[in-house]
2 protein chains.
Amino acid sequence: MNHPRIIRPAEHANYTPNKMGKATIFESARLLVGLNAFEPGQEHALHKHAGQDKVYHVIEGEGLFLLDGRELAMHEGDLLIAPEGIAHGVRNTGTRRLLVLAILAPAPHQ
Amino acid sequence: MNHPRIIRPAEHANYTPNKMGKATIFESARLLVGLNAFEPGQEHALHKHAGQDKVYHVIEGEGLFLLDGRELAMHEGDLLIAPEGIAHGVRNTGTRRLLVLAILAPAPHQ
């Protein structure tokens, strides 16, 4: 990755029929930039990360951010940050595909 | 930041008349999520970060990503990643405001 280029996130989406699809745009020890792709009805259940902060940015579609005891409606362009230890998830409650940029710092251990 | 909420990045933009304006959305030791706001003609000159990876995501407007010896046209929704040591910058060559999400991992030392 020594020659940065323009990335159109939607071109890297990986939708899969049975569960949320993942794709990796960039990864280093410091940072993981990925995509979470949800067909209608798919979700990423509530979970948390120890020692990692997460940024969600909604690329297209709509649904819900899942939080501990709360659900927040998400729309294109919305950002949500889950600092380490804060439970979070995503559910596609819409009728079309939902694509969310998911950034983790630092990256998960391999 | 123990209670995540929906963030609409454009609502946090800080435009200033004489140079690029900055705003911080989130900061921890691991991660800085900020906004770089450019009036027409403003730029953030070519620079690099030692030991930090940077993600740019264009929220609104258009302009150029500046790279070492190259310039890449940027449009709303475009992403560009500058790994540590890779020179990068932004110039607003358009006729309207340009807002770019800028994520650094880890965050700069205070």
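Below, chain A is the first sequence line, B the second, and so on; all start at residue 1.
- Contact of the A:Leu80 side chain with the B:Arg5 side chain is not registered, since no non-hydrogen atoms from C-beta on lie closer than 4.5 Å.
- The candidate from A:His75, A:Gln52, A:His88 with the greatest count of non-hydrogen atom pairs under 4.5 Å with chain B is A:Gln52.
- The hydrophobic clustering, which links ILVMFWY residues whose side-chain heavy atoms are closer than 4.5 Å, places A:Leu104 and A:Leu46 apart.
- Hydrophobic cluster membership is shared by B:Ile25 and B:Ile103, with clusters built from Ile, Leu, Val, Met, Phe, Trp and Tyr side chains linked at under 4.5 angstrom.
- Most heavy-atom pairs under 4.5 Å with chain A, from the set B:Leu79, B:Leu101, B:Leu67: that is B:Leu79.
- Using a 4.5 Å cut-off on side-chain heavy atoms (C-beta onward), B:Ile81 and A:Pro4 make no contact.
- Side-chain atoms of A:His57 and B:Ile59, non-hydrogen and from C-beta on, do get closer than 4.5 Å to each other.
- Contact of the A:Phe26 side chain with the B:Val55 side chain is not registered, since no non-hydrogen atoms from C-beta on lie closer than 4.5 Å.
- Between the side chain of A:Arg30 and the backbone N or O of B:Leu31 there is no donor-acceptor pair closer than 3.5 Å.
- Clustering ILVMFWY residues whenever any of their side-chain heavy atoms sit less than 4.5 angstrom apart, transitively, puts A:Tyr56 in the very cluster that holds A:Val58.
- A:Met20 and A:Leu32 fall into different hydrophobic clusters, defined by Ile, Leu, Val, Met, Phe, Trp and Tyr side-chain heavy atoms under 4.5 Å apart, directly or through other members.
- No single ILVMFWY cluster, assembled from side-chain heavy atoms under 4.5 Å apart, contains both B:Leu64 and A:Ile6.
- Contacts of A:Glu76 with chain B are made by backbone atoms alone, with heavy-atom separations under 4.5 Å and no side-chain atom involved.
- Heavy atoms of other residues, nucleotides or ligands lying less than 6.0 angstrom from CG of A:Asp68 number 12 at most.
- When each of A:Gly85, A:Ala29, A:Ala10, A:Gly51 is checked for heavy-atom pairs under 4.5 Å with chain B, A:Gly51 comes out on top.
- The minimum heavy-atom distance between B:Pro9 and A:Gly77, with the atom names listed, is CD-O, 3.4 Å.
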